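If you scroll down you'll find the structure; I have some questions about it.
These figures come from a predicted structure and were not determined experimentally.
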Amino acid sequence: MTNSEIIDILELTAKLMELHEADSFKIKTYSSAAFNLDRLADRNIADMSPADLTRIPGIGKSVAAKIQEMLETGKLRELEELMDKTPQGILAMFKVKGIGAKKIAVIWRELGIDNLRDLELACQSGQIAKLKGFGESTQQKILDSLVFLKVQAGKIRMDVADALARALRDELVRHFDKVEITGEVRRKTEIVETVRLLVGADSPVAVQQKLNGLDFLTQDVKLSSPFVWRGKAMDVEVRVEIVIVPEERFANGLVLETGAEAHLAQPIAGGGTLLQLALAEPVTTEEELYQKAGLPYIVPEMREGLGEWAWALENTTDDLVTWDHLKGILHNHSTYSDGQNTLEQMALFCRELGFEYLGMADHSQSATYASGLRPDQVERQHEEIDRLNTRFAQENPWRPFKILKGIESDILGDGSLDYTDDILATFDYVVASVHSNLTMTQDKATARLIRAIENPYTTILGHPTGRLLLSREGYPIDYKAVIDACAERGVVIEINASPWRLDLDWRWVRYCMEKGVMLSINPDAHVREGYYDMHYGVAVGRKAGLTRQMTYNALTLAEIEEYLKKRNSR
């Protein structure tokens, strides 16, 4: 079993214990164990002995024995017993924002509700608001969350879709010569409704027969056609389409199956549209098709029909940001707050990947839930950064690498930053982010952000809406007002590259560039491997037309130090 599977079992067991009113100490034991195991870095739980496990804070002999049971049997008997007496619909209710296990227990026991449909009806009839400890506000939050869950049903995040598409492609290339990922996954959309692949073959019947013989595919016969296999794959709840085209038309198929409808509707030289040309004579490459159309080549990520043609009048594909353009990694967390790796480990891995600088931005003191840094801890971290920077300069003087002193300062309810000015002044840069009070009106949320932007210590506005894709809507803001304020104050805006966030939304990146606002592709890494999330940030940045010149962390170490020196001396 993987670490995440073990942690998920412990967390679910704790939730169901709370639902069934088990002993509070026992509930806390399971929750604490899951929390501490989640903070393990570079350690595989499956390789640990019971004695090793009990050395981890919050893991006693009893929990260690439960973990051993999971490793040996693949399940936890205690959880199985709880599941047996829990209606299946209750598990779905845990996804609803605004209610935890205790409130779900009240709804279940007092109203007999054990599924999302009945929960929605009870909210609409006002029954939920009448329950003790609920009220109109909680009822509305539940309704809003249910609507959100409905809209997100059958959708998966970019990272999940990408992994599924790659797994399918790797399987299909064992049977067919020409296979490629297309559709939303190739366009790098943050949320995917259909995973689509293209197969080049001259016998669609033979392809369909082969597909239906693969045990990881389940066909939806009613929705399928002779040239398009439709169904599910690998038990992932998202639509899968496998389109079959003749081998000579494979490049045409790549354009047709990748581009959004609006992109393919683009008029071409001599009349007609890109779609009509792609349906006509075969081409050997996608570039050839665009050339015949008299149009600039558009990379797959940008084929949305949302301004890419206007962008191409002033830019070229070579201008787009790439992973190789990035020189540093900003917005990262260490064990000083809620990260899983030490400051030294985070720095060494960053240097190993070839970057020139690492910006540490652990949580500030108000973020008690994430072990935010008290002023004395800030001082201690800065001392360690100074020691490490001295060491790095001595180890490799011909290849500079430096840790920048940053902080992710909470934006408080009134828009002020966490810490007093004298502490904020000790940082090289400040990432200002909202983590609490996420239910403000648009006017209040916007005013809150603008006040934070106007603070002279704010360098980067972190994940501007606080959204969690498929889990939590971002709080409403006036994007133009916020971006305009950043332009006026010279504040960088983050593209939080975590596939859970991808916030700032890519649709607003071009407006940022028009206003001269730089974007910083930040991983918000809480573990070393989290650096790789910047690939997702680069993907949505390219989708938006983000250029290297407007990417903040494409600045070299010397350039970013000069930038910060000028900014901090204002």
How about His463 and Trp500: are their ring centroids closer than 6.0 Å?
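No - the distance between ring centres of His463 and Trp500 does not fall below the 6.0 Å cut-off.
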Please report the shortest heavy-atom distance between Asp478 and Thr446, naming the atom on each side.
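Answer, listing the atom of Asp478 first, then Thr446: N-OG1, 2.9 Å.
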Flag the pair Arg166 and Asp170 as a salt bridge only when some basic side-chain nitrogen lies within less than 4.0 angstrom of an acidic carboxylate oxygen.
no
Taking NZ, NE, NH1 and NH2 as the nitrogens, is one of them in Arg186 or Glu257 under 4.0 Å from a carboxylate oxygen of the other?
no
I'd like to know if Glu473 and Lys97 make a salt bridge, using a cut-off of under 4.0 Å between side-chain N and carboxylate O.
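Salt bridge flag = no for Lys97 with Glu473.
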Contact between Asn437 and Met440 at the side-chain level, heavy atoms closer than 4.5 Å - yes or no?
yes
Side-chain (Asp162) to main-chain (Met158) donor-acceptor, under 3.5 angstrom:
no
N/O donor-acceptor pair under 3.5 Å between Lys155 side chain and Val151 backbone
yes
Which pair of heavy atoms, one from Met346 and one from Val527, lies closest together, and at what distance?
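Shortest heavy-atom separation between Met346 and Val527 comes out as SD-C, 4.0 Å.
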Mind telling me whether His526 and His363 have parallel, tilted or perpendicular rings, with 30° and 60° as the class edges?
tilted
What is the minimum heavy-atom distance between Val106 and Phe134, and which atoms define it?
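For Val106 versus Phe134, the nearest heavy atoms are CG1-CE1, 3.9 Å.
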May I ask you to test the Leu330-Val431 pair for a side-chain heavy-atom distance under 4.5 Å?
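They are not in contact (no side-chain heavy atoms under 4.5 Å apart), so the answer is no.
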Measure across Thr465 and Asp503 and return the closest heavy-atom pair with its distance rounded to 0.1 Å.
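Nearest pair, atom of Thr465 first, then Asp503: N-OD2, 2.9 Å.
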Check the side chains of Ser498 and Asn496 for a donor-acceptor pair under 3.5 angstrom, ignoring hydrogens and angles.
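No donor-acceptor contact under 3.5 Å links the two side chains.
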Do the side chain of Glu241 and the main chain of Thr194 share a donor and acceptor less than 3.5 angstrom apart?
no
Can a salt bridge be assigned to the pair Lys15 and Glu18 using a cut-off of 4.0 Å between side-chain N and carboxylate O?
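Salt bridge between Lys15 and Glu18, a charged N being under 4.0 Å from a carboxylate O: no.
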Using only heavy-atom distances, determine whether the side chains of Ser125 and Gln127 contain a donor-acceptor pair under 3.5 Å.
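On atom types as modelled, these side chains qualify, holding a pair under 3.5 Å.
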How close do Phe227 and Pro204 get, heavy atom to heavy atom, and via which atoms?
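Smallest interatomic distance, heavy atoms only, reads CE2-CG, 3.7 Å.
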Is the closest side-chain donor-acceptor distance between Gln219 and Ser224 under 3.5 Å?
yes
For the student: nearest non-hydrogen atoms of Ile128 and Gln139, plus distance:
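Closest approach of Ile128 to Gln139, heavy atoms only: N-OE1, 3.4 Å.
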Regarding Glu190 and Arg157, does a basic nitrogen lie under 4.0 Å from an acidic carboxylate oxygen?
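Here Glu190 does not pair with Arg157 in a salt bridge, since their nearest N and O are not under 4.0 Å apart.
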Could you tell me whether Lys26 and Glu78 make a salt bridge, using a distance below 4.0 angstrom between a side-chain N and a carboxylate O?
yes
Give a yes-or-no answer on whether the side chains of Glu408 and His333 include a donor-acceptor pair shorter than 3.5 Å.
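Yes - a donor-acceptor pair under 3.5 Å links their side chains.
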Working to the nearest 0.5 Å, report the span between CH2 of Trp506 and CZ of Arg542.
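Output value for this atom pair is 14.0 Å.
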Between Glu304 and Arg187, does at least one N-O distance fall below 4.0 Å, as a salt bridge requires?
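A salt bridge links Glu304 with Arg187.
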Between the side chains of Asp362 and Gln381, does any donor sit under 3.5 Å from an acceptor?
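Side chains of Asp362 and Gln381: pair found under 3.5 Å.
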Lys/Arg N to Asp/Glu carboxylate O, Lys141 vs Asp144, below 4.0 Å:
no
Let's go through Lys132 and Glu110 carefully: what are the C-alpha distance in whole Å and the side-chain angles of both, what is the deciding distance for salt bridge (charged side-chain N to carboxylate O under 4.0 Å, His left out) to 0.1 Å, and is it a yes or a no?
CA-CA 10 Å; Lys132 185 178 180 180; Glu110 295 195 18; over 6 Å; no
Are Lys188 and Glu301 close enough for a salt bridge, meaning some N to O gap below 4.0 Å?
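A salt bridge is absent here (no side-chain N lies under 4.0 Å from a carboxylate O).
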For salt bridge (charged side-chain N to carboxylate O under 4.0 Å, His left out), just list the numbers for Arg239 and Asp220, CA-CA rounded to whole Å, side-chain angles, deciding distance to a tenth of an Å, and then say yes or no.
CA-CA 10 Å; Arg239 292 194 301 270; Asp220 188 322; over 6 Å; no
Give a yes-or-no answer on whether the side chains of Ser366 and Asp418 include a donor-acceptor pair shorter than 3.5 Å.
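A donor-acceptor contact under 3.5 Å links the two side chains.
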Going by heavy atoms in the side chains, are Thr335 and Asn341 under 4.5 Å from each other?
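SC-SC contact between Thr335 and Asn341 ruled out.
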